Amino acid sequence: MTTLLVAAVIVLLASTVHAVTGFGYALVATPLLALTVDPHTAVVATTLSALAMTITIGVRQRHHAEWKVAMIAMAGILLGMPLGLWIYGATSERVLTALIGVGVLGCTLMVWRRVKVPGNVPVLVGVGLLSGALSTSTGTNGPPMVAAFQGMGYDPRKFRATLAAVFAGTSVFSLIGFAVAGQVNSQSLWIGLVGVPVVQLGYFIGDAVFSRIDPDRFRRVVLLALIVSAGMTLFSALNN
């Protein structure tokens with residue numbers, strides 16, 4: 001029961017951050033849950049509860065989404081998921097945690113340096129490939145997409161809505177992969193179920209903040225979320 005209560009608080013925090021930035025659910029939830037349960041359970045539980053978050057934003061903000069871009073990225077994600085499942089099953093907990101931190105740190109650098117990313121098909125498929133591998137190995141599929149959409153110059157509403165469309169599909173396919181691989185346990189299921197109603201509250205809190213943020217401040221919030229998540233994850237990996 002204590003674990004579920006802690007998980008609910010983590011989910012509330014993660015969903016609020018996600019509603020504000022358009023991403024960050026897994027970046028916040030996975031490292032914190034990994035301090036509460038083992039990292040492999042944290043990855044699956046995060047994916048379960050994240051699905052409710054992305055569907056909520058995707059439905060409410062569907063008119064702002066770039067659906068063609070989302071579909072192309074999803075094709076790359078599907079190609080990358082088998083690789084991620086292999087990494088998930090083959091690596092130790094310490095290595096898995098370190099991979100999360102290093103991946104987030106690299107994408108933080110891209111956003112900070114304002115790296116321009118062309119929105120053509122090869123680039124979108126490539127970014128999707130990396131995102132898919134990260135999705136099923138670490139549960140943090142967001143950083144590559146965040147860096148790419150920031151590099152494409154999307155405004156905050158288009159950025160958030162298009163990410164939600166991509167992440168909703170990614171979560172579904174990730175969960176299917178975890179189930180087929182036999183990686184879904186009772187603890188991850190309970191945390192995922194507890195998170196479903198909690199993310200709704202987090203969405204309404206975060207959306208109220210989002211509506212008051214201008215594009216420049218939005219970018220700074222994105223950077224801060226990435227930096228904090230990378231720092232926490234690397235600290236956890238070094239102390240395991």
Side-chain angles (χ1 to χ4, degrees), residues 2-37 39 41-62 64-65 70 100 104 107 131 134-135 138-143 145-146 149 156-175 178 187-213 217-218 220-230 232-233:
T2 301
T3 299
L4 290 179
L5 288 173
V6 172
V9 173
I10 292 171
V11 167
L12 179 61
L13 175 62
S15 56
T16 301
V17 170
H18 190 111
V20 174
T21 64
F23 74 103
Y25 188 91
L27 298 177
V28 174
T30 304
L32 292 177
L33 284 174
L35 299 176
T36 306
V37 296
T41 297
V43 169
V44 178
T46 297
T47 305
L48 279 165
S49 53
L51 181 59
M53 183 75 251
T54 53
I55 288 176
T56 297
I57 295 178
V59 170
R60 292 178 179 275
Q61 303 295 323
R62 61 189 180 277
H64 298 285
I100 298 172
V104 175
C107 292
S131 183
L134 285 172
S135 175
T138 69
T140 55
N141 59 318
M145 287 295 166
V146 170
F149 290 166
R157 289 196 177 277
K158 185 183 293 186
F159 176 88
R160 187 173 71 156
T162 307
L163 278 177
V166 174
F167 291 164
T170 302
S171 294
V172 171
F173 289 116
S174 294
L175 289 173
F178 287 138
Q187 192 172 39
S188 63
L189 279 174
W190 275 111
I191 294 173
L193 289 173
V194 166
V196 171
V198 176
V199 298
Q200 307 305 316
L201 176 59
Y203 170 79
F204 284 110
I205 296 172
D207 192 55
V209 176
F210 173 83
S211 64
R212 294 170 172 78
I213 297 180
R217 186 174 297 176
F218 179 79
R220 291 196 294 270
V221 170
V222 168
L223 269 173
L224 179 62
L226 286 169
I227 291 168
V228 170
S229 179
M232 289 177 57
T233 308

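From a predicted model like this one, the values you see are computed outputs, not experimental measurements. Just the heavy atoms: all of them, side chains too, but no hydrogens, waters or symmetry mates, feed the values below.
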Which atom pair, heavy atoms only, marks the closest approach of [X] to [Y]?
X	Y	result
Ser188	Val44	OG-CG1, 3.6 Å
Val11	Ser49	CG2-OG, 4.3 Å
Ala208	Ser211	O-OG, 2.9 Å
Gln61	Asp207	NE2-OD1, 4.3 Å
Ala164	Gly58	CB-N, 3.7 Å

Within the side chain of [X], is there an N or O that forms a donor-acceptor pair under 3.5 Å with the backbone of [Y]?
X	Y	answer
Thr162	Phe159	no
Arg212	Val209	no
Arg160	Ala19	yes

Do [X] and [Y] touch side chain to side chain, with heavy atoms closer than 4.5 Å?
X	Y	answer
Leu5	Val9	no
Arg157	Phe210	yes
Thr36	Leu32	no
Ile191	Leu48	no
Thr47	Leu51	no
His18	Val199	no

When rounded to the nearest 0.5 Å, the distance separating CH2 of Trp190 from OG1 of Thr3 is 13.5 Å

Is a side-chain donor-acceptor pair under 3.5 Å present for Thr54 with Tyr25?
no

